[in-house]
There are 2 protein chains.
Amino acid sequence: MIDFSQLDKVIHEKGRLAIMSLLAARPEWRFQDLKTELSMSDGNLVTHLRTLHKAGYVSLTKEHDGRPQTSYALTDRGREAFLGYVAVLESIVQKHKPS
Amino acid sequence: MIDFSQLDKVIHEKGRLAIMSLLAARPEWRFQDLKTELSMSDGNLVTHLRTLHKAGYVSLTKEHDGRPQTSYALTDRGREAFLGYVAVLESIVQKHKPS
DNA sequence: GGTGAAACTTTGTGGCGCAAAGTTACGTAA
DNA sequence: TTACGTAACTTTGCGCCACAAAGTTTCACC
């Protein structure tokens with residue numbers, strides 16, 4: 001039986017799932033690039049990133065090359081949590097994929 | 001790129017995802033069995049089932065063999081929507097599964 | 001007629017996603 | 001040096017929704 005209760009609630013939300021997926025696929029993302037890629041308002045994006053940061057899943061680096069510029073990356077905990085989440089997805093797919 | 005916007009919002013919720021997964025695995029479920037399997041309060045379970053029913057994903061059959069007894073099943077639309085949802089999950093897994 | 005169970009409905013509460021507008025800091029053009 | 005623009009926030013407000021708890025209806029059985 002699949003244990004849906006272990007679906008991490010922080011990750012199991014469309015916006016944050018998309019963010020985590022991007023962060024897992026590339027070591028670092030600038031705020032502006034995330035915003036463009038996700039077509040998300042900056043306020044909304046920042047809020048999701050703060051939620052992920054509070055959970056310890058995302059680290060941020062502030063720089064000031066000309067304009068202020070913040071970059072985001074997965075922490076080890078974040079990668080671990082994401083892979084755990086994906087493992088649950090995989091068990092769902094395994095069970096229901098027509099093959 | 002993965003299109004997260006096509007993650008069906010009705011299905012993308014832990015409780016309803018669990019329900020849909022059960023309904024997809026067996027042709028019919030009685031309310032009591034769902035309740036036991038999911039450890040969900042009856043009020044909460046009924047609400048989720050109503051949401052799924054309104055979306056056209058679930059059909060219900062009321063019987064009265066002694067106690068009232070309602071059974072639930074996936075509709076064709078429900079199965080289609082669920083498989084579409086699982087297909088998105090699969091694309092996420094494909095992209096991120098370490099292999 | 002009273003009890004109990006199934007399957008609801010109702011009510012209330014807290015949390016959350018999201019948009020819109022305001023804020024701060026800084027760098028550039030006039 | 002003042003005005004403007006942009007990045008990266010914060011704040012405010014709205015509306016929806018998950019969830020629990022309690023009330024309701026129907027029916028079978030004692």
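Letters A, B, ... mirror the listed sequences (proteins, then strands); counts begin at 1.
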- Query: For A:Thr70 and D:dA7, is the shortest distance between a side-chain N/O and OP1 or OP2 below 4.0 Å?
  - Reply: no

- Message: For A:Lys9 and B:Gln69, find the nucleotide of DNA chain C closest to each by heavy atoms; which residue's nucleotide sits nearer the 5' end?
- Response: B:Gln69

- Check whether any side-chain N or O of B:Thr51 sits under 3.5 Å from a backbone N or O of B:Thr47 as a donor-acceptor pair, and report yes or no. yes

- Task: Return the value, rounded to whole Å, for the distance between atom CD of A:Glu63 and atom C1' of C:dA25.
- Result: 16 Å

What N/O pairs connect the protein and nucleotides 24-30 of chain D at under 3.5 Å? Give each pair on its own line.
{"unit_1": "D:dA28", "atom_1": "O4'", "unit_2": "B:Arg67", "atom_2": "NH1", "d": "3.4"}

- Query: Taking side chain as C-beta onward, heavy atoms only, is B:Asp42 less than 4.5 Å from B:Gln32?
  - Reply: no

- Message: Quick test of your reading: applying ring-ring contact (aromatic ring centres under 6.0 Å, His included), list the pairs with at least one residue in residues 53-80 of chain A, sequence neighbours left out, ordered by first then second residue.
- Response: none

- Message: If you take any heavy atom closer than 4.0 Å to DNA chain C, which residues from residues 28-60 of chain A end up in contact?
- Response: A:Ser41, A:Asn44, A:His48

- Query: Does the side chain of B:Leu52 reach to within under 4.5 Å of the side chain of B:Met20, using non-hydrogen atoms?
  - Reply: yes

- Item | Under-4.0 Å side-chain N/O to phosphate OP1/OP2 contact, B:Lys62 with C:dC8 | yes

- Task: Starting from C1' on D:dC17, measure out to CD on A:Glu13 and report it in whole angstrom.
- Result: 13 Å

- Message: If you define the side chain from C-beta out and look only at heavy atoms, does anything of A:His12 sit under 4.5 Å from B:Glu13?
- Response: no

- Message: I want to check something: taking the side chain as every heavy atom from C-beta on, are B:Leu45 and B:Ile19 in contact at a cut-off of under 4.5 Å?
- Response: yes

- Would you say a side-chain N or O of B:Tyr72 is under 4.0 Å from OP1 or OP2 of C:dC8? yes

- Message: Let's see if you get this right: which residues in residues 14-26 of chain A place a heavy atom under 4.0 Å from DNA chain C?
- Response: A:Arg16

- For residues 21-33 of chain B, which residue pairs qualify under salt bridge (charged side-chain N to carboxylate O under 4.0 Å, His left out), counting only residues two or more places apart or in two chains? B:Arg30-B:Asp33

- Query: Once you round to the nearest 0.5 Å, how far does CZ of A:Phe82 lie from CG of A:Leu89?
  - Reply: 8.0 Å

- Note on the structure: Taken in chain and number order and not counting sequence neighbours, the residues that satisfy salt bridge (charged side-chain N to carboxylate O under 4.0 Å, His left out) with A:Lys95 are none

- Give a yes or no on this: more than 12 heavy atoms of other residues, nucleotides or ligands lie within 6.0 Å of atom CG of A:Asp76. no

- Message: If you define the side chain from C-beta out and look only at heavy atoms, does anything of A:Leu49 sit under 4.5 Å from A:Leu60?
- Response: no

